[in-house]
Protein chains: 2
Amino acid sequence: MKPNLQHSITIFKALSEITRLKIIWLLINMDSKICVSEIIEVLNEPQYNVSRHLRILSKAGILDEVKEGKWVYYFIKTTDSEFMQHIKEAVSTISEKEMTIEIQRCKQRLLERKN
Amino acid sequence: MKPNLQHSITIFKALSEITRLKIIWLLINMDSKICVSEIIEVLNEPQYNVSRHLRILSKAGILDEVKEGKWVYYFIKTTDSEFMQHIKEAVSTISEKEMTIEIQRCKQRLLERKN
DNA sequence: ATTTCGTATGCACTATAATGCATATATTGT
DNA sequence: ACAATATATGCATTATAGTGCATACGAAAT
């Protein structure tokens, strides 16, 4: 499915804010779903902002969400356009030391969650 | 060269405006340099806006410019990061019928320019 | 039933970006 | 030197996006 200009713009706009880009970067590099409170902790951003940014990413069709009890888990939408495939590859090339450290912590917690 | 978050955001922001995305799309699909007045004609946008958008793309490091007499030609910067490589691939998947027609016209004019 | 926890959202405010107009600069042609 | 053409930019205005706070909602625990 080829995207049109308007949809591409929505995606570029969604990724042009630092908190949102961090969220996507995190999700791509972690390769698993994350719930809101985990993102809040990792990014050290107020809950209402994380929530809103997630909504924007969701509306742009980049993320999908699933509710499990009290928690809402967000993850990179799998049914993807060729366009999004390239965008994801682009995002995965972004290197950021601090973020990488946080990812390690996240993965640690993921393991603990599973036990 | 790996981009950091801030630079990636600058690029995403640069591409999240319709006129700018059209310009980049045009340049990628035409695979040649274009001068300001050609873009004005193709996109049917006021000169001052085209000029400003080109500047934003230039500042973001996406475009480069070369002055030839009265004209300033813009083109996709060749010295590219892996990040930009993926972004360009993404942009080139955008399909837009009207734009494609304009590209044909542009290419025609390019040929005439060379003769 | 009430409290607690995780998440979402309406509203007011602030910050950022895009536009229109006028005008400036630079180059070429007369 | 002057007019014409191509491009850039300062300023005021308008449009869009992000933030903070309060509060609402929904699920689980007590």
Side-chain angles (χ1 to χ4, degrees), chain A residues 5-24 26-27 32-60 62-75 106 109-110 112-113, chain B residues 5-24 26-27 33-75 106 109-110 112-113:
Chain A
L5 278 171
Q6 278 306 338
H7 185 226
S8 316
I9 283 177
T10 305
I11 291 168
F12 282 133
K13 209 169 268 175
L15 298 173
S16 68
E17 198 277 338
I18 190 139
T19 305
R20 292 198 294 266
L21 186 53
K22 279 180 180 173
I23 291 171
I24 295 300
L26 205 61
L27 278 165
S32 92
K33 62 187 182 184
I34 304 191
C35 71
V36 184
S37 41
E38 285 177 308
I39 300 173
I40 291 165
E41 201 188 329
V42 171
L43 301 187
N44 204 32
E45 270 289 308
Q47 178 271 324
Y48 50 81
N49 268 346
V50 171
S51 203
R52 273 197 282 232
H53 286 311
L54 284 167
R55 165 150 283 268
I56 289 167
L57 289 166
S58 224
K59 273 196 169 177
I62 303 174
L63 295 187
D64 236 336
E65 46 193 287
V66 60
K67 189 161 189 172
E68 290 181 17
K70 290 195 281 190
W71 294 273
V72 179
Y73 289 93
Y74 286 86
F75 54 96
C106 257
R109 251 175 285 149
L110 267 181
E112 286 158 17
R113 190 159 83 200
Chain B
L5 280 171
Q6 278 305 338
H7 185 226
S8 316
I9 283 177
T10 306
I11 290 169
F12 282 134
K13 207 169 269 176
L15 298 173
S16 68
E17 199 278 339
I18 190 140
T19 305
R20 292 198 294 266
L21 186 53
K22 279 181 180 172
I23 291 171
I24 295 300
L26 205 62
L27 278 165
K33 62 187 181 183
I34 303 191
C35 71
V36 184
S37 40
E38 285 176 309
I39 300 174
I40 292 165
E41 200 188 332
V42 171
L43 301 187
N44 204 31
E45 271 288 308
Q47 178 270 324
Y48 49 82
N49 269 347
V50 171
S51 204
R52 273 197 282 233
H53 286 310
L54 284 167
R55 165 149 283 267
I56 289 167
L57 290 166
S58 224
K59 273 195 170 179
I62 302 174
L63 295 187
D64 236 335
E65 46 192 288
V66 60
K67 187 160 190 174
E68 290 182 16
K70 289 196 281 189
W71 297 274
V72 179
Y73 289 93
Y74 286 84
F75 54 97
C106 256
R109 251 175 286 149
L110 266 180
E112 286 158 16
R113 192 159 81 198

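FYI, side chains are in, hydrogens and waters are out, and symmetry mates aren't considered; it's all heavy atoms of this structure. Below, chain A is the first sequence line, B the second, and so on; all start at residue 1.
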Asks: Grab the CG-P distance between A:L21 and D:dA17 for me, whole Å please.
Replies: 17 Å

Asks: Taking DNA chain D as the partner, which of residues 44-52 of chain B come within under 4.0 angstrom of it by heavy atom?
Replies: B:Q47, B:Y48, B:S51, B:R52

Asks: Roughly how far, to the nearest 0.5 Å, is the CD1 atom of A:I11 from the OG atom of B:S16?
Replies: 12.0 Å

Asks: Just how far is it from atom CG of A:D64 to atom CZ of A:F75, taken to the nearest 0.5 Å?
Replies: 4.5 Å

Asks: Does C:dT7 have its OP1 or OP2 closer than 4.0 Å to a side-chain nitrogen or oxygen of A:S37?
Replies: yes

Asks: Who pairs with A:I9 by side-chain contact (heavy atoms from CB on, under 4.5 Å), at least two apart in sequence or on another chain?
Replies: A:K13, B:I18, B:L21

Asks: Which heavy atom of A:I62 sits nearest to which heavy atom of A:A14, and what is that distance?
Replies: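 What the structure gives for the nearest pair is CD1-CB, 3.9 Å.
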
Asks: Within the 4.0 Å limit for protein heavy atoms, which parts of nucleotides 25-30 of chain C are touched? Write it as a string from 5' to 3', B for base, S for sugar-phosphate only, - for none.
Replies: -SBS--

Asks: If you look at every heavy atom in B:W71 and B:C35, which pair is closest and at what distance?
Replies: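 In this case the closest contact between B:W71 and B:C35 is CD1-SG, 3.8 Å.
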
Asks: Are any of B:H53's side-chain N or O atoms less than 4.0 Å away from OP1 or OP2 of C:dA17?
Replies: no

Asks: Please tell me which of B:I40 and A:R20 maps to the more 5' nucleotide of DNA chain D, matching each residue to the nucleotide holding its nearest heavy atom.
Replies: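 Result: B:I40.
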
Asks: Measure from NZ on B:K33 to P on D:dA6 and round the result to the nearest Å.
Replies: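 Atom-to-atom, B:K33 to D:dA6, this comes out as 17 Å.
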
Asks: Atom CG of A:L57 and atom C1' of D:dA17: how far apart are they, to the nearest Å?
Replies: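 In whole Å, D:dA17 C1' and A:L57 CG are 14 Å from each other.
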
Asks: Verify the contact: side-chain N or O of A:Y74 to OP1 or OP2 of C:dA8, cut-off strictly under 4.0 Å; return yes or no.
Replies: yes

Asks: Nearest 0.5 Å, what's the CD1-CD1 distance between A:I39 and A:I23?
Replies: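 Answer for the CD1-CD1 pair, A:I39 versus A:I23, is 5.0 Å.
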
Asks: So, taking the atom named OH in B:Y73 and the one named CD in B:E38, what distance separates them when rounded to the nearest 0.5 Å?
Replies: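 Separation between the atoms: 6.5 Å.
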
Asks: Expressed in angstrom and rounded to an integer, what is the separation of A:L54 atom CG from C:dT7 atom P?
Replies: 9 Å

Asks: Identify all side-chain donor-acceptor contacts of residues 42-59 of chain A below 3.5 Å with residues at least two apart in sequence or on another chain.
Replies:
{"from": "A:H53", "atom 1": "ND1", "to": "A:R20", "atom 2": "NH1", "distance (Å)": "3.1"}
{"from": "A:S58", "atom 1": "OG", "to": "A:E65", "atom 2": "OE2", "distance (Å)": "2.9"}

Asks: Run the salt bridge (charged side-chain N to carboxylate O under 4.0 Å, His left out) test against A:E41 and tell me which residues pass, sequence neighbours left out.
Replies: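 Expected list: A:R109.
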
Asks: Closest heavy-atom contact between A:F12 and B:L15?
Replies: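 So the minimum-distance heavy-atom pair works out to CD1-O, 3.4 Å.
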
Asks: Quick one: A:L63 CG to C:dT7 C1', roughly how many Å, whole number?
Replies: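 That distance rounds to 15 Å.
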
Asks: Hey, what are the protein-to-nucleotides 13-15 of chain D N/O distances that come in under 3.5 Å?
Replies:
none

Asks: Give the rounded distance in Å between these two atoms: CD of B:E41 and P of D:dT5.
Replies: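 Spelled out: CD on B:E41 to P on D:dT5 is 15 Å.
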
Asks: Rounded to the nearest Å, what distance is computed from the NZ atom of residue B:K59 to the C1' atom of nucleotide D:dA8?
Replies: 12 Å

Asks: If I take atom CD1 in residue A:I9 and atom P in nucleotide C:dA18, what distance separates them, rounded to the nearest angstrom?
Replies: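 Distance, rounded to whole Å: 11 Å.
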
